[in-house]
Amino acid sequence: MSVTAPKKLSLKERYRILTRGLDWTTTYQEPAKVFPHAEFEGIKIRDWDGFVDPFRLTMDSYWKYQAEKERKLYAVLDSFQQNNGQTAITDGRYVNVLKIFLTAITPGEYQAHRGFAMLGRQVPNVGLRIAAQMQSLDELRHAQTQIHSCSHYNKYFDGLHSFSYQHDRVWYLSVVKSFFDDARTSGPFEFLIAIGFSFEYVLTNLLFVPFMSGAAYNGDLSTVTFGFSAQSDESRHMTLGLEAIKFVLEQHEDNAAIVQKWIDKWFWRGYRILAILAMMMDYMLPKRIMPWKDAWEIYFNEAGGALFADLARYGIKMPSTADVANKEAFRLSTETMLTFYQMGHASGFHSWLPSEDELKWLADAYGPEWERLYLPRFKYFRELEAKGEHYYNPSLPQLCQVCQIPMFFTEPDDPTKICFRDTVYNGDRYHFCSDGCQHIFENEPEKYVQAWLPVHQVMQGNCGGATIDDVRKYWAVEDGEDNYDYVGSPDETMWKGWQADRLKVGS
Ligand code: FE
Ligand code: ZN
């Protein structure tokens, strides 16, 4: 009698069994009760088996790859910390980019983690469930590694101490929070199109590539390494987003109209969030990579243009508001920056005026119209500062009911006039920053009338009290440390001290 060792399954066979062989059709409960969210959005799926799994990873190989990446990342983070890497960045101002990233983007990663966990529970196809599970774990890992990458800076710099608490409260962070809340409370297909396709596939390069290059240019090895570690996950996420949209479009011709509405909505919502990124690129990186307008051209108009040309065969068109984004490209970063500059007393990070060299760089990048509109404002603010009268805006702005951004964007065709739309619904008037946001509201008013708008909440006394001091306490913004101009801040004093020490050692 001979004993034969059990045959080892190939990776391919293991994957097939994991995603096909272990599934069954439920009989104790009808499938519609097991997957109650699969149909209410109106998406028609003829054949769930038609989903093509983009990466075919088994769980054990997934853990193996991810563990390897973690080991490398934490080795670099250790050496960054042991070598006091924070002293080798280009300028202390740079850390304010990390403050925005940690408070706005990192909790978004966590929200994406929860969203993909929900998606994984709700789709009647194991391949898609496994892919959603992996992305859910990836997003949790991104949140954790970003927190670890930034935690070293938190030992030295202000403004990084309360990121998760602030995410649920501070006025500009509600922009990102409401974006992910909106996505997570939609159905599984809308979530897939919102995050998997519109955000990951169409817009994520605008978030990651310039941000990670910005970190590299400015000597932030810690964040660069996180970026590399996330990059292979990102390419998996983009592939999933693209496969998912193609699958949905191929299943039934009625799906295209629903998908188009979601693309229009989520393009606009995602694009509105990128305003803060445009400000970071053009005003906050001590060493610039490229102007926002060029990044928009490369990553949206060129890459996105090719993508939408490819999707045209399903009847899918470029988002209807893309032309507004193009018209805003030369002024988006400046309109955003000028707002934060005036709201420095109410922000958890520092702002500052650009230097003469930086103004020249901006004028070269953005041309005569930009100079005509904005140079006089910068000159005016500089004169006030010289007199010791830095301008801080004492009023509270009107917020857009959908994107929750203060009303500072201008008319697509008139950059001297604030863009303002309003709609009456059930006897109440709601306000919007753009046609894009107004249309989103009018499609689902019952969803957006529930929005938690920070300014309204302050006015109603729900944010700690009636004074700015009360509200700053409620926001965990440490007055005199986290806020106001970079010039004169404790961060600046510390940074200058480090530079002086360096000179002493060198002499
Ligand atoms: Fe992520
Ligand atoms: Zn808006």
Side-chain angles (χ1 to χ4, degrees), residues 66 69 73 101-102 104-117 132 134-147 149 171-172 174-176 178-180 182-183 194-196 199-201 203-209 211-212 223 226-241 264-276 321 324-325 328 332 335-336 339 397-412 418-423 430-444 448 451 453-455:
Q66 298 303 81
K69 288 196 288 187
L73 171 67
F101 200 73
L102 182 68
I105 306 302
T106 303
E109 302 270 17
Y110 188 77
Q111 289 243 53
H113 150 68
R114 295 177 64 191
F116 276 97
M134 283 173 188
Q135 182 157 355
S136 176
L137 293 166
D138 290 339
E139 303 297 3
L140 184 60
R141 190 178 86 88
H142 294 175
Q144 288 170 341
T145 50
Q146 284 167 23
I147 293 163
S149 303
W171 60 281
Y172 51 91
S174 77
V175 173
V176 188
S178 77
F179 172 92
F180 279 103
D182 191 351
I195 307 299
F199 201 72
E200 295 281 4
Y201 202 89
L203 299 173
T204 208
N205 278 333
L206 279 154
L207 186 71
F208 266 77
V209 177
F211 185 78
M212 295 310 150
T223 304
F226 152 72
F228 278 131
S229 180
Q231 211 163 41
S232 54
D233 299 340
E234 285 309 319
S235 52
R236 239 185 311 111
H237 301 172
M238 290 173 75
T239 316
L240 177 62
D264 290 350
K265 168 180 170 181
W266 289 99
F267 163 78
W268 188 251
R269 292 223 62 182
Y271 164 72
R272 272 298 185 233
I273 287 186
L274 296 181
I276 205 161
T321 46
V324 178
E328 288 181 349
L332 181 70
E335 289 180 345
T336 312
T339 304
Q398 174 75 59
L399 301 181
C400 173
Q401 188 75 24
V402 171
C403 72
Q404 308 207 355
I405 298 178
M407 300 284 199
F408 64 74
F409 298 109
T410 49
E411 283 291 342
I418 295 287
C419 186
F420 177 87
R421 304 286 180 268
D422 64 311
T423 297
Y430 296 90
H431 309 276
F432 312 98
C433 73
S434 53
D435 293 333
C437 283
Q438 185 177 33
H439 290 157
I440 292 170
F441 177 90
E442 287 176 351
N443 278 324
E444 298 166 90
Y448 298 100
L453 294 174
V455 168

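Just so you know, ligand 1 is whichever comes first in the structure, and atom 1 is the first atom listed for that ligand.
- The backbone N or O of Ser136 lies less than 3.5 Å from a partner atom in the side chain of His113, making a donor-acceptor pair.
- If you check the side chains of Asn205 and Glu234, you find no donor sitting under 3.5 Å from an acceptor.
- The distance from atom CG of Asp435 to atom OG1 of Thr321, rounded to the nearest 0.5 Å, is 9.5 Å.
- Only protein N, O or S atoms were considered, and those under 2.8 Å from the Fe ion (ligand 1) are Glu109 OE1, Glu139 OE1, His142 ND1.
- Separating the CE atom in Met134 from the CD atom in Gln66 is a distance of 9.0 Å, to the nearest 0.5 Å.
- Looking at heavy atoms from C-beta onward, Tyr430 lies out of side-chain contact with Tyr448 at the 4.5 angstrom threshold.
- Taking 4.5 Å as the limit, some side-chain heavy atom of Trp171 sits within range of a side-chain heavy atom of Pro406.
- Geometry about the Zn ion (ligand 2) gives an angle of 110° between SG of Cys433 and SG of Cys437, rounded in steps of 10 degrees.
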